[in-house]
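Below: one structure, written as structure tokens.
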2 protein chains.
Amino acid sequence: MTSSKTPKKSADESDVNAALESGRRRATINDIARLAGVSKKTVSRVINQSPFVREETRVRIEAVIAEWGYAPDPQARGLAFRRSFLIGMIYDNPNPQYVVNMQLGLLDGMRGSGFELVVHPCDRSSPTFLQDVRMFIERQKLFGVILPPSVSEDERVADLLRDIGCEYIRIASVPLDEEEHMIVGHDRLGAQAMGEHLVGLGHERIGFITGLPSFRSSHERRGGFEDALTKAGVKLDPDYVVQGAYTFESGLACGEALLAKTPRPTAIFAGNDEMAAGVLQAARRAGLTVPADLTVVGFDDFQIAQAVWPPLTTIHIPTREVGRMAAEKLIARDGYEPGDPAKTIPYLVVRESSSSPKKV
Amino acid sequence: MTSSKTPKKSADESDVNAALESGRRRATINDIARLAGVSKKTVSRVINQSPFVREETRVRIEAVIAEWGYAPDPQARGLAFRRSFLIGMIYDNPNPQYVVNMQLGLLDGMRGSGFELVVHPCDRSSPTFLQDVRMFIERQKLFGVILPPSVSEDERVADLLRDIGCEYIRIASVPLDEEEHMIVGHDRLGAQAMGEHLVGLGHERIGFITGLPSFRSSHERRGGFEDALTKAGVKLDPDYVVQGAYTFESGLACGEALLAKTPRPTAIFAGNDEMAAGVLQAARRAGLTVPADLTVVGFDDFQIAQAVWPPLTTIHIPTREVGRMAAEKLIARDGYEPGDPAKTIPYLVVRESSSSPKKV
DNA sequence: GAAGCTCTTGACACCGGTTTCCACTCCCTT
DNA sequence: AAGGGAGTGGAAACCGGTGTCAAGAGCTTC
């Protein structure tokens with residue numbers, strides 16, 4: 001019979017237990033093995049869910065792990081695995097609310113997985129951009145990265161990631177990559193919904209302010225809007241489409257430009273809420289009342305949409321939900337099902353900034 | 001003469017070099033040691049800036065390191081050091097712009113240091129809050145943590161950190177801890193400046209909307225404001241001080257409450273910009289023109305301050321700069337000097353929402 | 001010329017996990 | 001009862017660094 005304890009070591013063992021129990025030291029895999037009366041390899045098998053462990057043994061080990069609140073050291077594990085348990089979010093989106101919501105969503109999806117989120121803002125126009133990204137990933141041996149727009153739309157980055165064999169998820173408004181690397185956030189559908197809303201209210205002369213052309217979403221939003229109008233038999237006059245930059249200031253300027261046109265549009269659809277806020281201001285300066293004289297709508301449903309007067313009719317983007325799904329997809333834990341794509345679809349939120357045009 | 005190369009190993013060596021040169025493998029400390037003809041321990045000494053390395057040797061090793069673009073593996077290093085090179089930002093501040101600016105500031109301060117930022121939003125009211133924080137820190141063996149308000153104001157957290165021996169920096173509006181653990185963001189001074197501004201414009205009947213009482217900044221802002229008024233011989237009527245919650249909605253409600261008072265205040269100072277935006281809306285509903293009929297001012301100088309009409313006179317808080325200083329203080333690299341405290345002092349930004357009261 | 005010093009350097013164990021390799025059970029055939 | 005395959009667990013090497021400690025080189029000192 002082999003005794004599961006080594007009598008010779010009993011003194012040492014009690015010392016060890018004392019140190020553990022007093023909390024002076026965190027439990028290691030060796031402690032768990034000793035306490036469970038198995039080898040550390042077996043404990044390792046349990047941690048890594050190897051099927052080659054007898055049910056009874058597994059249960060016993062899991063009990064000890066739970067009792068001592070043991071959690072394997074991510075660094076040691078990472079060292080052996082040649083990869084860390086860190087997930088990087090590489091972004092250049094300038095909107096704080098988008099960034100924070102995305103972070104929250106990613107953390108939602110990572111909760112309980114043992115992964116941690118490392119944030120990495122970047123500047124795509126920097127000459128060292130790709131080098132920086134590569135350095136970041138290789139040094140930290142990232143498990144994977146999440147790319148929100150507009151980094152997600154940069155093929156150089158995708159190529160780099162494929163090259164160095166790093167897992168990644170691209171979040172974009174159109175499928176740019178294989179399905180397993182994409183979370184698509186249908187901006188086009190959102191813009192269509194807004195188009196239908198405006199047409200439904202009876203607007204026919206509608207101004208549109210595009211976002212930054214460097215974001216795919218700008219084109220998708222415009223495209224979706226135009227789709228809806230065309231389908232309803234309303235023409236989007238190119239003369240009423242002006243180029244904005246997703247900022248309040250650009251919205252103000254574009255709003256003034258649109259309001260100066262004759263005949264004046266009865267509604268203006270800005271590519272995001274900030275620009276819509278700018279349009280509201282332009283309307284005020286022009287002495288127009290919203291929505292009586294002019295309907296103004298935005299896109300995103302960020303906080304600003306509710307903090308202006310009147311509160312903006314806009315398209316809600318489920319950023320956090322998208323983030324959650326992206327993280328889940330990246331770590332693809334067992335028991336992972338793809339997640340309901342319907343939840344990533346933007347939807348219309350009607351507030352007080354839109355109404356039917358005045359009868360002339 | 002001792003040959004610095006081991007002839008016996010030359011075949012192996014060329015294999016190794018081939019793997020390295022082809023980029024199939026990143027350089028390790030052993031490679032650098034071999035290439036420089038020293039032991040890995042000496043390379044380690046150079047990496048860790050040990051003074052016990054001959055100048056000539058150090059230069060040679062550094063040259064090899066630079067040539068091969070070697071960077072030590074943070075996980076292996078962390079394992080040996082018993083701590084990681086991760087810095088945690090544990091926060092519960094609900095304002096996205098604050099959070100993002102703080103993150104950017106922290107990253108500014110960490111740039112080039114080899115540390116990475118791990119974000120960790122939390123809920124102080126959760127029953128498992130302290131447990132979660134402890135788990136987060138111990139599992140990741142964090143180098144240190146940054147605590148912005150209001151987590152920074154929680155003594156339970158500070159006690160926990162001291163208990164487990166984790167470095168930390170608390171960012172708060174008052175010194176709550178030893179100087180080395182604090183970055184103080186003088187809200188009081190900012191509020192004083194605003195008080196002086198309003199008094200300087202000739203206001204004497206001023207409404208004040210406080211922030212959430214769970215934030216120290218709320219009290220500091222009120223206190224600073226009251227200081228300035230008192231100093232100028234103006235009394236802050238407690239009847240004109242109402243309790244807000246740092247949200248747009250609360251600003252709207254409090255604004256309406258204040259505007260309903262007789263006599264009506266000639267100016268309203270909201271504890272942050274969002275509430276000020278709410279007050280603007282209340283004023284509009286009441287048919288008042290800002291600033292002709294009513295001066296409205298805020299605090300923070302977040303984006304919303306410029307995206308409302310009229311743009312808000314407010315107090316700018318150098319959040320990013322504060323973050324940078326906090327990170328620098330935490331990692332206290334050599335060549336670190338304390339940073340200019342003056343840069344953390346908020347300052348007045350005068351826009352169009354404030355003016356002298358109408359002569360009655 | 002040997003002892004004593006300081007300055008450099010390297011051998012070796014170790015951080016806490018995983019993997020490889022192998023031996024040893026079981027259990028089922030033949 | 002012997003043979004063989006699958007399941008199970010231990011010993012040792014390894015991941016890529018750091019700490020400990022002692023030894024070698026070069027210079028003084030007596």
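From a predicted model like this one, the values you see are computed outputs, not experimental measurements. Reminder, nothing fancy here: chain letters follow the sequence lines and each chain counts from 1.
Using a 4.0 Å cut-off between a side-chain N of Lys or Arg and a carboxylate O of Asp or Glu, B:D159 and B:R162 qualify as a salt bridge.
Look at CD on B:E55: it is 10 Å from P on C:dT8, rounded to the nearest Å. Straight-line distance from the CD1 atom of B:I65 to the P atom of D:dG17: 10 Å, rounded to whole Å. What separates CD1 of B:I61 from C1' of C:dG10 is a distance of 12 Å, to the nearest Å. The nearest whole Å value for the distance from the CZ atom in A:R34 to the C1' atom in C:dG16 is 14 Å. One interatomic measurement links the two molecules: CZ of A:R83 to P of D:dC14, which rounds to 23 Å at whole-angstrom precision. Atom C1' of nucleotide D:dC14 and atom CZ of A:R77 are separated by 17 Å, given to the nearest angstrom. Rounding to whole angstrom units, CD1 of residue B:I29 and C1' of D:dC14 are separated by 16 Å. Computed from coordinates, the A:R139 CZ to D:dG16 P distance equals 15 Å when rounded to whole Å.
Here C:dG17 is the nucleotide among C:dT19, D:dT18, C:dG17 with the atom lying nearest to any side-chain atom of A:K40. Listed nucleotides D:dT18, D:dG17, C:dT9 differ in distance to B:Y70; the shortest reach to its side chain belongs to D:dG17. Listed nucleotides D:dT8, D:dT18, D:dC15 differ in distance to A:R82; the shortest reach to its side chain belongs to D:dC15. Checking C:dG10, D:dT18, C:dT8 against every side-chain atom of B:F52, the shortest atom distance belongs to C:dT8. Checked against C:dT9, D:dG9, D:dG16, the side chain of B:V53 finds its nearest nucleotide in C:dT9. Of the candidate nucleotides D:dG16, C:dT19, D:dG19, D:dG19 has the atom nearest to the side chain of B:K41. The side chain of B:A76 sits closest to D:dG16 out of C:dT9, D:dG16, D:dG9. With distances taken from any side-chain atom of A:L79 to the nucleotides D:dG17, D:dC21, C:dG16, the minimum falls on C:dG16.
Within the 6.0 Å centre-distance limit, the rings of B:F85 and B:F115 are counted as a close aromatic pair.
No side-chain heavy atom of A:R45 sits under 4.5 Å from any side-chain heavy atom of A:R58.
Contact between the side-chain N/O atoms of A:N30 and the OP1/OP2 oxygens of C:dG17 is not found at any separation under 4.0 Å. Contact annotation: A:S44 side-chain N/O to C:dT19 OP1/OP2 distance is not under 4.0 Å. Between C:dT8 and B:R54, no contact under 4.0 Å exists linking OP1 or OP2 to a side-chain N or O. Not one side-chain nitrogen or oxygen of B:S39 sits closer than 4.0 Å to the OP1 or OP2 atom of C:dA11.
In this structure, OG1 on A:T57 lies 5.5 Å from CZ on A:R60, to the nearest 0.5 angstrom.
Using a 4.0 Å heavy-atom criterion, one finds that B:V38 contacts the sugar-phosphate atoms exclusively.
Contact of A:R45 with D:dG9 (side chain to base): a donor-acceptor pair of N or O atoms is detected under 3.5 Å.
The backbone N or O of A:S152 lies less than 3.5 Å from a partner atom in the side chain of A:R170, making a donor-acceptor pair.
Evaluated for a side chain to side chain donor-acceptor pair (under 3.5 Å) with A:K329, the options A:E180, A:E179, A:H181 yield exactly one hit, A:E179.
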